[in-house]
Number of protein chains: 2
Amino acid sequence: MTDEKKPRRRPRSDGQRNRENLLNVAKAAFTAGEVDIPLDEIARRAGVGIGTLYRHFPNRDALIEAVYRAELDRLANAAPVLAAQHPPVEALRAWMRLFVDYIAAKLVIAPALNGLAGGTGTLYAQSGTVLQSAIDGLVAAAVASGEISADIEPVDLLRALAGVSNYAAGPGWETSAKRLVDILIAGSRVSAS
Amino acid sequence: MTDEKKPRRRPRSDGQRNRENLLNVAKAAFTAGEVDIPLDEIARRAGVGIGTLYRHFPNRDALIEAVYRAELDRLANAAPVLAAQHPPVEALRAWMRLFVDYIAAKLVIAPALNGLAGGTGTLYAQSGTVLQSAIDGLVAAAVASGEISADIEPVDLLRALAGVSNYAAGPGWETSAKRLVDILIAGSRVSAS
DNA sequence: TGTTAAGCGGAGATATCCTCCGCATATACC
DNA sequence: GGTATATGCGGAGGATATCTCCGCTTAACA
């Protein structure tokens, strides 16, 4: 149980390069809507063997999660920036709209998320932590400013938006998602008991 | 192109029985969380051959849709009843809560819905029609009574609720979904522009 | 430059979906 | 009842996908 960290050899350059390639190829495929592309195909496009893919990502879910983890981080990092630029409620609104944009651009790859039957919970629980703390901060600020009711569960707002993305195929989708943002914010205000 | 309906032989009793069995077994499995149970296994539990399963339901999606189509209808049928019993906005609220209850009891099998990678849109578009017209009616009444803003896309409310269910695993989930119902309704009121 | 651990890659074991088609039987008609 | 036949049954097996295993290669370190 000794938690010693061995002075391990630096990771091989080709290993890192292959990992990057795989992530890029996978992201391109998912973004293009090829959600259930075979893993062999991803490996082929990335110019590596299937074994390499599986060493880096033990299963499909792990790959998917890794693919958009980076995007999730970018999205989360936007929260403090917006908070500094806008008053609390508007920062929240802006960030929620950004969230919609990400989904619209498939940068958050909602369909891929959906594809994880059963595993969704686990995956989202891990990856979603960063998003959760991001919106927690925004909501907390808005509550502190007295504009938003205190008994809001911030994550629910995200979940609601993500839900709209799930069953969204039609062209006017993005508009209605943005409208939902306004509804959610209006419904969260203290005035609207 | 003659649209003649042939006087077909009455369907065989064993055929109908097998179909029922399959649906019951599948519903039980899905409700129990075995979302990606192999179809062979469903056939086995139902005491029929795999071929029989595939004749009744050409693919996995068809089975899933058939399984909870009945529940969807029940849920949709509750809308006019509630509308008769409550004032418009309260009827809407009550129905949305009922929707949450169905999801909570897995009667609407949200995870199974999610499991349909790519096909979600199509499936929901077909099965969801009944739900859509149900909530359309409720919202229309609430708009007519002047209590709810007219530029609400009713389906979005459903989508938002369904979204909460997607990433819902925790114990307190149902409570927060119900709270979201209130937020959505509050945000849809005309006063809260 | 030699040693060695880390990484590579693809054959193939396993699992799942779905098709096909000969056999069985419930229905309809006599 | 008895017979004809459409309808349904069922599982072997083809197609495809996931994931494992292990001998070979190569980058990192001295």
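Only this structure's heavy atoms are used, side chains among them; waters, hydrogens and symmetry mates stay out.
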Would you say a side-chain N or O of B:R60 is under 4.0 Å from OP1 or OP2 of C:dC17?
->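 Result: yes.
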
Quickly work out the [X] [atom1] to [N] [atom2] distance and round it to whole Å.
| X | N | atom1 | atom2 | result |
| --- | --- | --- | --- | --- |
| A:L39 | C:dG10 | CG | C1' | 15 Å |
| B:L63 | C:dC18 | CG | P | 11 Å |
| B:H56 | D:dC9 | NE2 | C1' | 9 Å |
| B:N21 | D:dC9 | CG | P | 11 Å |
| A:R10 | C:dG7 | CZ | P | 12 Å |
| B:Y54 | C:dC18 | OH | C1' | 5 Å |

Salt-bridge test for B:E20 and B:R17: reply yes if a basic N is under 4.0 Å from a carboxylate O, no otherwise.
->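 Salt bridge: no.
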
Side-chain ion pair, A:E90 and A:R93, N-O less than 4.0 Å =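 Salt bridge flag = yes for A:R93 with A:E90.
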
Taking all heavy atoms of A:A83 and all of A:L138, pick out the closest pair and write down the distance.
->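 Closest approach of A:A83 to A:L138, heavy atoms only: CB-CD2, 4.0 Å.
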
Map B:D14 and A:G49 onto DNA chain C by nearest heavy atom, then report which one ends up closer to the 5' terminus.
->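 Taking each residue's closest nucleotide, the earlier one in sequence belongs to A:G49.
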
Residue closer to the 5' end of DNA chain C, B:G51 versus A:T52 (nearest nucleotide) |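 The residue whose closest nucleotide sits nearer the 5' end is A:T52.
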
Along DNA chain D (nearest heavy atom to each residue), the more 5'-positioned of B:R55 and B:D40 =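 The residue whose closest nucleotide sits nearer the 5' end is B:R55.
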
Nearest-nucleotide pick for A:N18, side chain only, options being C:dG9, D:dT25, D:dT18 =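 It is C:dG9.
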
Among C:dT25, D:dT18, D:dA28, which nucleotide sits nearest the side chain of A:R12?
->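 Out of C:dT25, D:dT18, D:dA28, the nucleotide with an atom closest to A:R12's side chain is D:dA28.
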
